[in-house]
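Chain identifiers are assigned alphabetically (A, B, ...) following the order of the sequence lines, protein sequences preceding nucleic acid strands; residue numbering begins at 1 within each chain.
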2 protein chains.
Amino acid sequence: MTGYTATVTVRLKEGVLDPEAQTTKRALERLGFELDGLRSADQFELDVDAESADSAAERAEEMTERLLANPTIHDYEVAVEQR
Amino acid sequence: MTGYTATVTVRLKEGVLDPEAQTTKRALERLGFELDGLRSADQFELDVDAESADSAAERAEEMTERLLANPTIHDYEVAVEQR
């Protein structure tokens, strides 16, 4: 077994409203910054022991689909690195 | 001017308690998953127009220090890509 860190990034799907990001963008604009867009995402770093990077990625995907993301409104990506 | 997307990842500093991550880890364990650790982070994708990637990164850092991160408890990193 080897230690891996799976980084899961959970984003809202294109078209899903993100009031938090809109508020953050407006707050930055009020501070004088110009920006064309702002999207927010949640990131989870999962430390897991697994036989291979593929199996660590598979476990991280299962955890994401069971708990971390809501497939109705979220897309996600998983990146695995050896610890 | 070129369009860039600056991805800012804001993490809690080592040693700062993260009750949300602890709760998420316990919930995953209750679902039967084994994991050694879980850290959460916020990610912001900022679309900005700038003269160069360096200047886009500098603007993203200013925005992060003014609003997106709290230097007392957060570390952050910025990655810039051309849009």
Side-chain angles (χ1 to χ4, degrees), chain A residues 1-12 14 18 20-51 55-69 74-77 79-83, chain B residues 1-12 14 18 20-51 55-69 74-77 79-83:
Chain A
M1 300 285 258
T2 315
Y4 295 94
T5 296
T7 302
V8 179
T9 307
V10 178
R11 287 190 178 77
L12 286 170
E14 187 99 18
D18 187 349
E20 187 188 331
Q22 284 169 18
T23 306
T24 307
K25 179 170 183 280
R26 275 203 298 269
L28 286 168
E29 286 165 346
R30 270 199 301 273
L31 289 171
F33 293 105
E34 275 175 42
L35 65 171
D36 297 335
L38 185 154
R39 291 167 301 286
S40 62
D42 288 322
Q43 205 172 65
F44 301 92
E45 293 175 11
L46 311 170
D47 296 332
V48 296
D49 287 329
E51 297 293 349
S55 122
E58 206 174 291
R59 286 252 299 289
E61 277 173 35
E62 278 179 57
M63 293 191 237
T64 305
E65 294 190 1
R66 288 291 300 276
L67 188 78
L68 306 176
H74 291 134
D75 283 329
Y76 67 88
E77 60 198 42
V80 172
E81 259 184 32
Q82 203 168 318
R83 247 184 293 160
Chain B
M1 299 283 259
T2 315
Y4 295 94
T5 296
T7 301
V8 179
T9 306
V10 178
R11 286 190 181 76
L12 286 170
E14 187 98 18
D18 187 349
E20 187 189 333
Q22 284 169 18
T23 306
T24 308
K25 179 169 183 282
R26 275 202 299 269
L28 286 168
E29 286 165 346
R30 271 199 302 272
L31 289 170
F33 294 105
E34 276 175 42
L35 64 173
D36 297 336
L38 185 154
R39 292 167 300 286
S40 62
D42 288 320
Q43 206 172 64
F44 301 92
E45 293 174 10
L46 311 170
D47 297 331
V48 295
D49 287 328
E51 298 293 347
S55 122
E58 205 174 293
R59 285 252 300 288
E61 276 171 37
E62 276 179 59
M63 292 191 238
T64 305
E65 294 189 3
R66 288 291 300 277
L67 186 78
L68 305 176
H74 290 134
D75 283 329
Y76 67 88
E77 59 199 42
V80 172
E81 259 184 33
Q82 203 167 320
R83 249 185 293 162

Original post:
Rounded to the nearest 0.5 Å, how far does CG of Asp49(B) lie from CZ of Arg83(B)?
Top reply: 5.5 Å
Subject >> Nearest non-hydrogen partners of Ala50(A) and Tyr4(A), listed with the distance >> reply: O-CE1, 3.6 Å
Subject >> Pick from Asp42(B), Leu68(B), Thr9(B), Leu35(B) with the largest number of heavy-atom pairs that fall under 4.5 Å of chain A >> reply: Leu35(B)
Original post:
Do you know which of Thr7(B), Val48(B), Leu31(B) has the most heavy-atom pairs with chain A at a distance under 4.5 angstrom?
Top reply: Leu31(B)
Subject >> Any side-chain heavy-atom pair of Leu28(B) and Arg66(A) under 4.5 Å >> reply: no
Subject >> Contact origin within Phe33(B) toward chain A - heavy atom pairs under 4.5 Å >> reply: side chain
Original post:
Strictly by modelled atom types, are Tyr76(A) and Glu65(A) linked by a side-chain donor-acceptor pair under 3.5 Å?
Top reply: yes
